[in-house]
Protein chains: 2
Amino acid sequence: MPRPSEPTRARIVQAASALFYSEGIRRVSVDEVAAKAGLTKRTLYYHFKSKDDLVAAYLAARDQPNLALFRTWFAEAEGGMPAKVEAIFRNLARSARHPKWKGCGFLRTSAELANMPGHPAIRIGAAHKKKFEDWLRTTFAEQGIVDPLKLARQILLLLDGSFAVVLLHRDASYMETAGEAARALIETALTKPGRKRGSRK
Amino acid sequence: MPRPSEPTRARIVQAASALFYSEGIRRVSVDEVAAKAGLTKRTLYYHFKSKDDLVAAYLAARDQPNLALFRTWFAEAEGGMPAKVEAIFRNLARSARHPKWKGCGFLRTSAELANMPGHPAIRIGAAHKKKFEDWLRTTFAEQGIVDPLKLARQILLLLDGSFAVVLLHRDASYMETAGEAARALIETALTKPGRKRGSRK
DNA sequence: TTGTGTATATTCACTGGTTAGTATACATAC
DNA sequence: GTATGTATACTAACCAGTGAATATACACAA
């Protein structure tokens with residue numbers, strides 16, 4: 001902990017995160033990141049072996065906080081399962097109305113690096129989405145839903161669709177529409193075939 | 001028509017389209033586009049006033065063919081309304097399995113240029129998605145669905161969610177999951193509240 | 001306590017390559 | 001001989017990554 005200078009590395013990642021998210025990966029130079037972090041490019045290259053490495057660190061740092069935020073929104077919402085999922089979309093719509101909001105960093109990065117299939121940043125993004133899907137699937141399974149994986153993927157599709165559409169149209173109300181669709185799909189899954197053990201937590 | 005040299009311009013747009021789609025906007029230089037089109041950069045700048053202008057032309061050229069493709073998939077599918085919409089997702093999944101597939105050019109471009117809100121290419125992308133939404137809304141309205149706009153937007157969210165998720169995970173089966181979700185939402189809208197006039201065209 | 005070696009951490013200055021856009025001249029057709 | 005197109009050659013800036021030197025902190029010996 002003392003030698004590998006953790007605070008410096010963290011400050012670099014923080015600067016990279018702000019710039020990459022708001023300007024895009026290829027638009028931002030390594031010099032800009034170093035300047036924003038208050039040090040030289042050469043120092044940055046001491047902590048990261050390449051720009052690609054820095055991009056990967058940028059997304060890796062966003063993984064856990066992002067998931068925690070979704071879990072908090074879910075947990076703090078009143079009501080049953082559909083209401084709790086809908087709350088995620090409602091909170092997301094609130095975030096998306098801020099002018100600095102630029103969509104999902106994971107999706108935007110993978111869109112920008114789509115020509116480099118094996119890029120570490122894309123793998124980190126895919127793992128992030130998979131974790132979210134797994135969390136939803138587990139949650140649905142605990143409610144006795146018959147095909148929790150399918151429902152989890154449908155919610156994920158609506159969520160990522162929201163990110164894409166709202167980024168293009170700059171109209172956050174699409175996220176509330178997505179929330180309604182999620183509610184409808186959950187209710188269908190709850191009432192149609194399987195047994196259910198109760199809808200309140 | 002004779003003087004403004006339409007074929008040359010079209011050849012440039014074709015070259016730009018291939019490169020921008022497969023490599024990304026900022027990754028591809030104007031020189032590369034000119035070389036692929038078989039002419040000099042200076043000639044390219046005679047036909048387009050800037051790279052941004054070229055990017056806009058790239059997306060504008062994809063607008064009508066893309067919509068026509070969706071309409072064809074819809075029209076040629078057997079069965080009622082849900083089956084016809086599901087056919088779009090099924091055909092999309094088939095396209096997405098080709099290794100050269102790189103998602104939706106409109107979404108990827110707007111993700112890459114998210115830091116330039118008023119960019120002409122983003123406006124063209126937004127107009128494209130709006131046209132698709134309008135077409136769906138009109139089609140649903142003809143079926144007597146009570147809130148055709150809401151349903152059209154929900155389908156759009158699933159479609160764009162498919163583009164995003166499949167690009168990240170490289171697993172086209174998500175598109176079939178999205179098709180199932182679309183079917184469920186359409187059936188809910190058809191049977192729940194409104195009057196319906198028949199489900200076959 | 002003090003000197004010395006060593007791994008960690010940081011900087012300056014540079015390279016080789018790329019890029020959007022342009023000044024100028026030449027060609028071709030009517 | 002004038003409009004429209006095309007090419008050569010250039011600029012000024014930017015950019016990822018590196019070589020060489022230096023500063024700092026700590027371990028250990030005298």
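Each chain gets a letter, A, B and so on, in the order its sequence line appears, and its residues count up from 1.
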Practice problem: Would you mind reporting whether B:L107 and B:L167 have side-chain heavy atoms less than 4.5 Å apart? | Solution: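 No, every pair of side-chain atoms sits at 4.5 Å or beyond.
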Self-check item: Complementary nucleotide for D:dA29 - Watson-Crick or wobble, under 3.5 Å
Solution: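 When the pairing criteria are applied, C:dT2 turns out to be the nucleotide that pairs with D:dA29.
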Self-check item: Nearest-angstrom distance from the residue atom OH of B:Y45 to P of C:dT22
Solution: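 After rounding, the reported distance stands at 8 Å.
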Practice problem: Please report, rounded to the nearest Å, how far the P atom of C:dT10 is from the CG atom of A:L44. | Solution: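 For the pair A:L44 CG and C:dT10 P, the rounded distance is 11 Å.
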Quiz item: For the side chain of A:H169 and the backbone of B:A126, is there at least one donor-acceptor N/O pair under 3.5 Å apart?
Solution: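 Present.
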Quiz item: Is B:V28 touching bases, backbone alone, or none of the nucleic acid, heavy atoms closer than 4.0 Å?
Solution: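 Contact class for B:V28: sugar-phosphate only.
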Practice problem: Verify the contact: side-chain N or O of B:H47 to OP1 or OP2 of D:dT4, cut-off strictly under 4.0 Å; return yes or no. | Solution: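 Looking at the OP1 and OP2 atoms of D:dT4, neither is under 4.0 Å from any side-chain N or O of B:H47.
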Quiz item: Do the side-chain N or O atoms of B:S50 get closer than 4.0 angstrom to the phosphate oxygens (OP1, OP2) of C:dG21?
Solution: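 Answer is no, no contact under 4.0 Å.
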In terms of side-chain heavy atoms of [X], which of [options] is nearest?
{"X": "B:T43", "options": "D:dT6, D:dC15, C:dC12", "value": "D:dT6"}
{"X": "A:K51", "options": "C:dT11, D:dA16, D:dT6", "value": "D:dA16"}
{"X": "B:Y46", "options": "D:dT4, C:dA20, D:dG19", "value": "D:dT4"}
{"X": "B:T40", "options": "D:dA7, D:dC15, C:dT11", "value": "D:dA7"}

Exercise. Take A:W135 and A:F74, measure what ring pair (Phe, Tyr, Trp, His ring centres under 6.0 Å) needs, and give me the verdict at the end.
Key: CA-CA 11 Å; A:W135 169 64; A:F74 181 89; 5.2 Å; yes
Self-check item: NZ or CZ of B:R62 within 45° of B:F106 ring axis and under 6.0 Å
Solution: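 The answer is no, since B:R62 fails at least one limit relative to B:F106.
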Quiz item: Given that B:L39 and A:D31 both sit by DNA chain D, which one's nearest nucleotide is further toward the 5' end?
Solution: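 Looking at DNA chain D, the more 5' nearest nucleotide goes with B:L39.
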